[in-house]
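Order of appearance sets the numbers: ligands from 1, and atoms from 1 within every ligand. Any value given below was found using the heavy atoms of this structure, including those in side chains, with hydrogens, waters and symmetry copies removed.
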Amino acid sequence: MASPLLARALETTTPAVSFPKGFYWGAATAAYQIEGAWNEDGKGESIWDRFAHTPGKIKDGTNGDVACDHYHRWREDIALMRRLNLNSYRFSIAWPRIQADGKGKPNPKGLDFYSRLVDALLKARIRPLPTLYHWDLPQKLEDAGGWTNRDLAGWFADYAEIMARALGDRVQYWSLLNEPAAFLSLGYLDGTHAPGRQSILDFLRGTHVANLAQGSGYRALKAVCPQARVGSVFSMSPCEPATDSKDDRVASEHAHAITNLWFLEPALRGRYPNAFLFSPAAFMQIHRDDMDRVRAPLDFIGINLYYRTVVSAPPLGERLSNARYMLLPARMTRGQKGSKTDIGWEVWPRSLYDMVMRITRDYQRPVLEITENGCAYNDGPGADGKINDARRVDYHQQNLAELARAMRDGADVRGYHAWTLMDNFEWAEGLSQRFGLVYVDFATQKRTVKASGEWYANVASRNAVPSL
Ligand code: FCB
């Protein structure tokens with residue numbers, strides 16, 4: 001093993017890929033996954049509180065009541081961000097902390113929490129990048145129909161306006177929704193996430209209401225803060241045909257439309273892409289003027305990327321027996337060729353290049369931010385107390401090399417956010433999947449920077465990634 005001096009010398013002489021000046025090196029989190037304090041200071045119940053409190057819904061039986069206790073430890077967590085040399089922090093605002101029932105007057109204690117957080121971030125020279133909705137819908141709004149109720153778009157716009165008034169003097173960059181395709185497919189179609197519905201109809205209607213909310217939220221923010229840069233965050237995954245056959249290629253384009261474009265094309269072009277065999281407009285309850293209301297000329301597109309999707313055309317027999325295939329004739333599976341992370345997702349760094357390039361080509365080189373990219377590896381402290389998560393270093397290094405390649409090939413990418421700052425509550429997986437750059441001992445709440453965190457701190461300070 002090299003001496004520390006030699007190691008440092010090697011580190012500074014290894015060839016590196018530089019990123020443009022001012023590139024944002026960030027980490028991302030979400031309120032329910034880290035804050036805890038689920039019923040403190042006037043916070044209302046969210047669909048995730050309800051879901052995680054329901055026995056059998058979370059694999060390891062845990063919930064987000066405490067999570068990383070960030071609501072009480074945020075100062076310590078900002079100190080960690082400084083240690084990692086971050087210049088951007090993507091977090092989410094818990095809607096039920098601001099409006100316990102999702103409507104009406106804001107809760108001053110909720111506003112104060114985020115206001116203090118933003119002040120402290122700015123003082124630490126870290127850009128605050130809040131997301132307005134990262135899945136914790138006020139339960140009262142779910143009781144009123146949730147994403148299938150068109151009124152939700154207006155309530156979301158009211159909430160966006162409240163936040164713009166509260167933080168708009170200091171926050172310049174905003175994200176509207178986090179991964180609408182994910183929260184609607186998992187929450188309303190598969191039922192594996194809150195609120196646990198299983199209905200194609202609810203899913204389709206929900207997607208339209210989410211598009212309406214996205215457009216309305218955009219306008220509400222801009223009305224208060226015309227200078228703000230407002231984007232939205234999409235879960236994306238390149239959809240590759242399983243074989244070169246025409247059927248598989250056609251199927252993969254259907255899959256691409258529903259996976260990657262269903263909330264982007266309405267915002268940027270005021271129309272739905274051709275995902276389905278016949279138009280689902282009748283089920284979606286699209287009203288006159290709706291396609292104007294869903295428009296939102298996003299100032300940036302947030303891409304969350306974890307894996308690629310392999311697509312094949314289902315055989316005729318299956319098409320006729322499976323209602324989903326009648327609408328969307330595409331069998332989608334996660335790629336299987338590469339190594340797997342501990343959550344079972346394939347490592348395939350090229351997918352970041354492919355996705356960024358496809359969006360760059362098809363939408364005339366929009367401004368992009370990688371708002372999430374990361375991996376679950378459950379390495380814990382060794383005998384010396386250090387967490388040597390070498391696989392996570394490899395993961396980020398390879399993904400960043402692909403991102404740099406996309407930027408060389410013309411993509412306009414302004415930032416990269418590792419998912420996630422610290423190990424946290426991973427939705428239906430509970431506390432069992434660790435994605436963090438920082439290790440959290442959930443019994444004591446002790447945080448320890450992992451080897452990947454040290455590596456990322458170095459990358460951020462040099463604004464460069466060591467060559468592979
Ligand atoms: C994304 C979510 C994020 C996190 C990662 C692993 O889909 O946006 O909250 O759970 O997956």
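- In this structure, a donor-acceptor pair under 3.5 Å is present between the side chains of Asn373 and Tyr395.
- By the salt bridge (Lys or Arg N to Asp or Glu O under 4.0 Å) test, Lys140 pairs with Asp101, sequence neighbours left out.
- Side chains of Ser175 and Ser232: a donor-acceptor N/O pair is absent below 3.5 angstrom, by distance only.
- Looking only at atom types and distance, the side chain of Gln445 has no donor-acceptor partner in the side chain of Asp69 under 3.5 Å away.
- At a threshold of 4.5 Å between non-hydrogen side-chain atoms, the residues Tyr272 and Glu265 do not count as touching.
- Protein residues lining ligand 1, listed by chain and number: Gln33, His134, Trp135, Asn178, Glu179, Asn304, Tyr306, Glu372, Trp419, Glu426, Trp427, Phe435 [non-hydrogen atoms, distance under 4.0 Å].
- Between the side chains of Asn304 and Thr371, at least one donor N or O sits under 3.5 Å from an acceptor N or O.
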